[in-house]
Each structure stands twice: as C-alpha cells, then as structure tokens.
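In what follows, a structure is listed as structure tokens, so that the remarks can point back to it.
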Protein chains: 2
Amino acid sequence: MDYMLQLREKGLKVTPSRLNVIKVLDSSHLAYSHSDLESLFSKMDRVTLYRILKDFEDAGIVHKIMDIDGVTRFAICKSTCPDGHHTDDHVHFNCKACHKMFCLEKVQVPHLKMPQGFKAMGLHTLIYGLCENCSGA
Amino acid sequence: MDYMLQLREKGLKVTPSRLNVIKVLDSSHLAYSHSDLESLFSKMDRVTLYRILKDFEDAGIVHKIMDIDGVTRFAICKSTCPDGHHTDDHVHFNCKACHKMFCLEKVQVPHLKMPQGFKAMGLHTLIYGLCENCSGA
DNA sequence: ATGCAAATGCAACAATGTTGCGTTTGTTAA
DNA sequence: TTAACAAACGCAACATTGTTGCATTTGCAT
C-alpha cells in the first residue's frame with residue numbers, strides 16, 4: 001500500500017482508521033454516505049469519521065457531494081485536485097432504484113454561458129436515473 | 001391576488017400561512033432556505049412551514065433544491081410543472097459571497113451522453129460563483 | 001349556521017453534524 | 001530506543017434539521 005505515502009504527503013498522520021477509510025473509498029468509484037461508512041466501520045467513533053472525512057476533503061483526497069435525496073456523500077478524487085480547492089466538475093449519477101451514486105469522470109460538461117454579471121467559478125452536475133445494474137441493460 | 005385561485009386549483013385550502021409563503025416565494029426568483037422563511041414568519045410553527053412547503057412541492061407550486069452548502073432551498077416553479085413530477089431542469093446559481101441562490105430559467109443545459117447502461121431521467125445543474133451584485137460588474 | 005375534513009400548534013423524537021476536553025497514539029529528534 | 005510533543009481519538013454534550021402523533025382550530029361545502 002502506498003496509502004501511507006499519500007497520507008504523509010498531505011501532512012496527515014497514518015492511523016488504522018484513516019487507512020481503512022481511504023482503502024474503501026479508493027477501491028470504487030462510488031460515493032459513500034456517512035452512514036454507509038459508519039456501519040462499515042462500526043467500532044470507529046462517529047465523530048472520528050466526520051473528522052477523517054473533513055481532513056481528507058481539505059487535503060484533496062476525497063470530494064463531498066449531495067445525492068438526489070440530500071444525503072451528503074464522499075468519493076475519492078481520481079484526478080488530483082489542488083489542496084482544498086476541488087475541481088471535481090465531473091458528473092455524478094444517482095440511481096433511483098439502488099440509490100448508489102457514481103462518479104462519471106468521463107462525461108464532459110460543456111461550458112455554460114452565464115447571464116450578464118454572473119461569474120461562474122465551478123459547477124456540480126447531478127444526473128438521476130437507472131444505473132447499469134438496475135436499467136436491465 | 002389570485003394566489004387563492006392557484007391554491008384552490010391544486011386542492012389546497014386557502015390559509016393565511018399559505019398565502020404568506022406563496023407571496024414571498026412568488027415575488028422573487030430566489031430560492032429560500034427553511035430558516036430564511038422561518039425567521040420571516042416567526043409566529044408560524046416550524047412544523048407548519050415544513051408541511052406547507054411539502055404540500056407546495058407535491059402540488060408543483062415550488063421545487064426543492066440543495067445549495068452548495070447542502071442547505072435545502074425552495075423556489076417558485078415559473079414554468080408549470082406537472083403535479084408531483086418536477087421538470088425543473090433549469091440551472092441554479094449559488095453566490096459564494098452573499099449565499100443567495102438564483103433560478104436561471106433561461107440557461108439551457110445541453111443533453112449529456114451517458115455511458116453504456118446508464119439511463120438518465122433528469123438532472124440538476126448547480127453553478128457557483130459570484131452573482132450580479134457581488135461580482136462588482 | 002352546521003359539520004366535516006383539512007390545517008395548525010405543540011410535544012416528542014430521530015438523524016445528522018459540531019464542539020470541548022481528557023486520553024491515546026504517531027512521529028520526530030535525541 | 002526512548003522521550004516529548006502535536007495530532008488523532010473517544011466520549012459526552014449540544015445544535016440544527018426534519019418527522020410523527022394527537023388534540024385543537026379553521027376553511028369550506030351544504
């Protein structure tokens with residue numbers, strides 16, 4: 001594992017809890033809710049998990065997004081984001097059936113023209129529908 | 001006012017609380033948070049406000065969106081949405097400075113091509129940056 | 001004016017997220 | 001290796017947001 005390296009590079013101490021969280025998130029392109037992770041690591045304190053996710057977000061290791069139901073979710077940053085400032089303009093897909101949330105890194109979002117006076121700094125695109133498993137395709 | 005008509009058409013009884021809420025929302029293209037409205041109508045019960053907004057959403061009078069900070073907000077539906085099923089695919093703009101949220105009805109979102117197997121049913125586009133007031137333009 | 005269903009207010013609860021503080025642990029440097 | 005310090009952790013308490021049940025009030029149709 002060079003998760004240890006990755007953590008140290010960001011100035012974060014290597015702890016079992018952090019390694020567990022980063023391992024799970026990095027091994028899929030799904031966005032996990034806090035309660036997903038909480039039940040996955042039942043012996044970890046709830047507050048510790050909040051703090052780990054916050055630290056990871058600040059370090060640019062994960063990004064936080066809202067799903068269609070207003071639940072906050074966390075996913076690994078595949079493309080390296082500059083610390084603190086996430087450039088995760090990629091599309092997120094939320095399945096209405098299984099409620100999983102996918103990062104669709106490859107879908108390109110065209111630039112949108114803003115009305116006079118509005119200065120865009122970034123955008124979040126959330127698509128909902130049926131995922132590959134649930135669409136029966 | 002024909003807010004009364006609008007409410008009756010949707011099968012909702014006309015009450016002072018409902019008239020107040022619909023008046024505020026309809027008189028701007030801003031999306032209001034629950035706490036915005038709560039402090040605006042301080043004598044209204046918190047639960048009543050939740051229920052009014054829920055009823056309005058079900059009736060297609062308002063739509064609910066998340067802002068950039070994960071706060072749920074409500075805005076009037078300008079284009080008529082079919083009851084219960086919102087087609088509010090328009091863009092929302094969140095100002096990083098004043099935290100206001102605008103409905104940009106006129107910005108068109110191009111159709112995005114999904115990866116194999118993913119069936120899109122709708123999308124939310126949230127742009128953040130500086131609004132006309134805060135950009136100094 | 002009357003009656004009924006719908007809307008409201010209140011209390012209690014659940015879920016999610018935050019803060020403070022004492023204890024434990026990772027890391028650096030002797 | 002060990003000692004020391006800062007960072008991370010666990011726990012308790014609290015804040016905010018949203019939900020549910022029930023008794024009371026109110027809008028509206030007759």
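If you're wondering where the values come from, they're calculated on a predicted model, not measured in any experiment. Sequence lines set the chain letters: A, B, ... in the order given, protein chains first and strands last, and positions in each chain run from 1.
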Practice task
Report the nucleotide, chosen from dT20(D), dC9(D), dG18(D), that has the shortest atom-to-atom distance to any side-chain atom of T48(A).
Solution key: dC9(D)
Handout entry: Candidate list H29(B), H124(B), H63(B), test ring-ring contact (aromatic ring centres under 6.0 Å, His included), partner H92(B), passing option
Key = H63(B)
Practice task
Kindly indicate, with the supporting measurements, whether the criterion ring-ring contact (aromatic ring centres under 6.0 Å, His included) is fulfilled by F118(B) and F102(A).
Solution key: CA-CA 10 Å; F118(B) 288 84; F102(A) 303 80; 5.2 Å; yes
Problem - Rounded distance in Å - CD1 (I52(A)) to C1' (dG10(D)) - result: 12 Å
Completion exercise
In whole angstroms, the gap separating C1' of dT25(C) from CG of D45(A) amounts to 16 Å
Exercise for the section: Looking only at side-chain atoms of V47(A), point me to the closest of dG18(D), dA12(D), dC9(D). Expected result: dA12(D)
Exercise for the section: Take atom CG of L5(B) and atom P of dC28(D), then tell me their distance rounded to the nearest Å. Expected result: 12 Å
Completion exercise
So CG of D36(B) and CZ of F74(B): to nearest 0.5 Å the spacing works out to 11.0 Å
Exercise for the section: Rounded to the nearest angstrom, tell me the gap between atom CG in D55(A) and atom P in dA7(D). Expected result: 11 Å
Exercise for the section: Describe the nucleic acid contact of R18(B) in one word from base, sugar-phosphate, nothing, applying a heavy-atom distance below 4.0 Å. Expected result: sugar-phosphate
Handout entry: Cation-pi, Y128(B) ring and K96(B) (6.0 angstrom, 45 degrees)
Key = yes
Practice task
Report yes or no: do N20(A) and S17(A) form a side-chain donor-acceptor pair below 3.5 Å?
Solution key: no
Practice task
In whole angstrom, give the distance that lies between atom CZ of R51(B) and atom P of dA7(C).
Solution key: 10 Å
Practice task
Write down the distance between CG (L53(B)) and C1' (dT17(D)), rounded to a whole number of angstrom.
Solution key: 13 Å
Fill in the blank from the handout: Whichever of E38(B) and V14(B) has the more 5' nearest nucleotide on DNA chain D, that residue is E38(B)
Exercise for the section: Mind checking S35(A) for me? I need base, sugar-phosphate or nothing, with any heavy atom below 4.0 Å counting as a touch. Expected result: nothing
Exercise for the section: Kindly say if T15(B) contacts the phosphate of dA6(C), meaning a side-chain N or O under 4.0 Å from OP1 or OP2. Expected result: no
Completion exercise
Rounded to whole Å, the OH-C1' distance (Y50(B) to dG21(D)) equals 18 Å
Practice task
Using only heavy-atom distances, decide whether a donor-acceptor pair under 3.5 angstrom links the side-chain of R46(B) to the base of dG9(C).
Solution key: no
Practice task
Let me know the distance between CG of L12(A) and C1' of dA6(D), rounded to the nearest Å.
Solution key: 14 Å
Practice task
Using a 4.0 Å heavy-atom cut-off across all strands, classify V71(B) as base, sugar-phosphate, or nothing.
Solution key: nothing
